Trainee: 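Quick one: the structure is below, questions incoming.
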Amino acid sequence: MSIRHFINLPDICADELKGIIKHAHKLKAEKFDPPQIMAGLSLAMVFDKRSTRTRMSFEIGMKQLGGHTIVMGMGEMQIAGAESIEDTGAVLSRYVDAVMLRMSDHANMEELARNTTIPVINGMTNDSHPCQIMADIMTIEENIGDLKGKKIAWFGDYNNVCKTFEQAAPIWDFELAISTPEDLAPTSTGDKVTYYADAKEAAKNADVIVTDTWISMGEEGKSIDKFMPYQVNSDLMACANDGAIFMHCMPIHKNEEVTPEVLKSPACVIYDEAENRLHAQKAILAWSMLK
Ligand code: CP
Ligand code: NVA
């Protein structure tokens, strides 16, 4: 049987992804009495960028399920010197049962996965953030139910998180409106995805309003002036459906991509979203490691 890497959502069959989310809801219900399904198993976590949520939720999640973790900054590893991805993958495979990485270069993560005999889990690359989107799907289901036919509207930068929502749209059968400055408009939009230059048009009839930082890690120094028309504020929220929720993967830059009144409003579910990283990732670990 092939190794169950969790790197690209479209590489995993829709039923399996939906099964992971179902398991995540169950694990959340069991959060005070977690099943010890990872007993005797170890997860390595490697980061080449900052993290609060990804690092803590994977570490706590693995330990709650009875497993072990080891964390390293990529800069501390020999891969930051001359050691090859091939040797790194082979050696990690002899020590641990899975590896979760935050690795800027997506192609390098895929290359590592070709050189391991253990699952590789994508803890974010410059191109995608599938663990975040799994937690987001779970959060949307908790708040507004089945995603089928719902409208999710994304504002601001066309970045790794947005691109992963784009991959998720045909899997969960929701409509994704993407509203960014015109020079960032996706060159080709996937199935179920529509681009809007006008933010208010994009927000119309939306069930979920979502944004992220305008300056992703590694893009420091970039100008943000052109993003202001895509700020999530009360006026934009008023264009969405009654009961629409506001989501953000965090960290937040207040008064840039979102205003304080939106963050304080009942629509804001960002802390549920952050908590759900824990439950969604436990289910991802189980899917990858316990097949
Ligand atoms: N949302 C997210 O991935 O947060 P961290 O960068 O803190 O891990
Ligand atoms: N788009 C952001 C997400 C951080 C969780 C980044 O890449 O920095």
Side-chain angles (χ1 to χ4, degrees), residues 6-9 24 43-62 69 71-75 99-109 120-140 152 154-168 176 178-181 184 186 208-224 226-227 230-232 245-254 256-258 263 268-285:
F6 191 85
I7 298 178
N8 301 308
L9 293 182
L43 173 72
M45 305 192 288
V46 179
F47 290 85
D48 74 356
K49 282 181 177 166
R50 294 186 301 271
S51 170
T52 298
R53 281 144 289 268
T54 305
R55 166 151 182 195
M56 294 193 81
S57 53
F58 266 106
E59 177 145 9
I60 294 163
M62 188 66 187
T69 55
V71 192
M72 287 186 84
M74 206 169 287
V99 56
M100 184 282 296
L101 299 103
R102 173 161 286 186
M103 196 175 197
S104 303
D105 190 320
H106 194 86
N108 282 348
M109 185 178 291
V120 172
I121 298 171
N122 179 353
M124 198 180 87
T125 69
N126 288 347
D127 295 339
S128 68
H129 200 356
C131 291
Q132 180 67 54
I133 297 309
M134 293 296 277
D136 290 2
I137 298 290
M138 185 182 172
T139 310
I140 295 167
I152 298 181
W154 172 276
F155 298 91
D157 196 12
Y158 182 58
N159 66 8
N160 45 6
V161 179
C162 180
K163 288 174 188 168
T164 319
F165 264 118
E166 214 174 349
Q167 295 174 336
L176 179 67
I178 297 180
S179 192
T180 68
L184 298 180
V208 179
I209 299 285
V210 56
T211 188
D212 184 16
T213 180
W214 295 335
I215 305 181
S216 284
M217 285 181 272
E219 296 181 343
E220 292 77 8
K222 125 184 183 194
S223 162
I224 55 171
K226 68 180 176 186
F227 291 104
Y230 302 92
Q231 182 187 64
V232 178
I245 56 171
F246 168 73
M247 299 182 73
H248 189 310
C249 67
M250 306 178 82
I252 279 164
H253 304 76
K254 236 182 247 179
E256 291 184 9
E257 71 271 9
V258 58
L263 294 167
C268 180
V269 297
I270 58 171
Y271 300 129
D272 292 337
E273 194 182 347
E275 178 186 334
N276 286 338
R277 294 291 302 276
L278 177 63
H279 310 299
Q281 288 159 194
K282 282 182 181 174
I284 292 167
L285 290 167

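Quick caveat, the model's predicted, so the values are computed rather than measured. Positions are given from 1 along the sequence. Read the numbers this way: they start at 1 and go in the same order the structure lists the ligands and their atoms.
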Trainee: Please work out whether any backbone atom (N, CA, C, O) or any side-chain heavy atom from C-beta onward of M250 is under 4.0 Å from ligand 2, and answer side chain, backbone, both or neither.
Mentor: backbone

Trainee: Could you find the nearest protein heavy atom to atom 8 (O) of ligand 2 and give me its residue, atom name and distance?
Mentor: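 Here the closest protein heavy atom is M217 N, 2.8 Å.
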
Trainee: Run the contact test for M124 against ligand 2 with a 4.0 Å cut-off on heavy atoms, strictly below, and give the result.
Mentor: yes

Trainee: Which one of T54, N126, T125 satisfies the side-chain hydrogen bond (donor to acceptor under 3.5 Å, both in side chains) criterion with K49?
Mentor: N126

Trainee: Without hydrogens or angle criteria, can the side chains of S57 and Q281 be said to hold a donor-acceptor pair below 3.5 Å?
Mentor: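 Present: a donor and an acceptor within the cut-off.
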
Trainee: Below 3.5 angstrom, do we get any N/O pair linking T213 and ligand 2?
Mentor: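 N/O-N/O distance below 3.5 Å does not exist for this pair.
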
Trainee: Are any side-chain N or O atoms of Q231 and backbone N or O atoms of V258, one a donor and one an acceptor, separated by less than 3.5 Å?
Mentor: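 Side chain of Q231 to backbone of V258: no pair is present.
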
Trainee: Can you name the closest pair of heavy atoms from S216 and N160 and give their distance?
Mentor: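 Reported closest heavy-atom pair: OG-OD1, 4.2 Å.
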
Trainee: Please report which non-hydrogen protein atom sits nearest to atom 3 (C) of ligand 2, along with the residue it belongs to and the distance in Å to one decimal place.
Mentor: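 Nearest neighbour among protein heavy atoms for atom 3 (C) of ligand 2, to 0.1 Å: D212 OD2, 3.6 Å.
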
Trainee: List by chain and number: which residues place a heavy atom under 4.0 Å from ligand 1?
Mentor: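 Residue list for ligand 1: S51, T52, R53, T54, R102, H129, Q132, C249, M250, R277.
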
Trainee: Looking only at side-chain N and O atoms, does D272 offer a donor or acceptor that is under 3.5 Å from a partner on T139?
Mentor: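 Side chains of T139 and D272: no pair found under 3.5 Å.
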
Trainee: Counting only heavy atoms closer than 4.0 Å, does ligand 2 sit against the backbone of D157, its side chain, both, or neither?
Mentor: neither

Trainee: Is V161 close to ligand 2, meaning an N/O of one under 3.5 Å from an N/O of the other?
Mentor: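 Checking ligand 2 against V161, no N or O pair falls under 3.5 Å apart.
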
Trainee: Distance from H248 atom NE2 to D212 atom CG, nearest 0.5 Å?
Mentor: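 Those atoms lie 5.0 Å apart.
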
Trainee: Going by the closest heavy atom to atom 2 (C) of ligand 2, which one wins out of G218, S104, S216?
Mentor: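 Looking at heavy atoms only, S216 sits closest to atom 2 (C) of ligand 2.
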
Trainee: Might you confirm whether atom CE of M56 has over 12 heavy atoms from other residues, nucleotides or ligands at distances under 6.0 Å?
Mentor: no

Trainee: In Å, rounded to the nearest 0.5 Å, how long is the span from CE of M250 to OG1 of T52?
Mentor: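 Reported to 0.5 Å precision, the distance equals 9.0 Å.
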
Trainee: Do ligand 2 and N160 have nitrogen or oxygen atoms that lie under 3.5 Å from each other?
Mentor: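 Yes - when backbone and side-chain N and O of N160 are compared with those of ligand 2, one distance drops under 3.5 Å.
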
Trainee: Do H129 and N159 pair up side chain to side chain, a donor and an acceptor below 3.5 Å, judged on atom types alone?
Mentor: no

Trainee: Taking all heavy atoms of D48 and all of S104, pick out the closest pair and write down the distance.
Mentor: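 The answer is OD2-N, 2.8 Å.
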
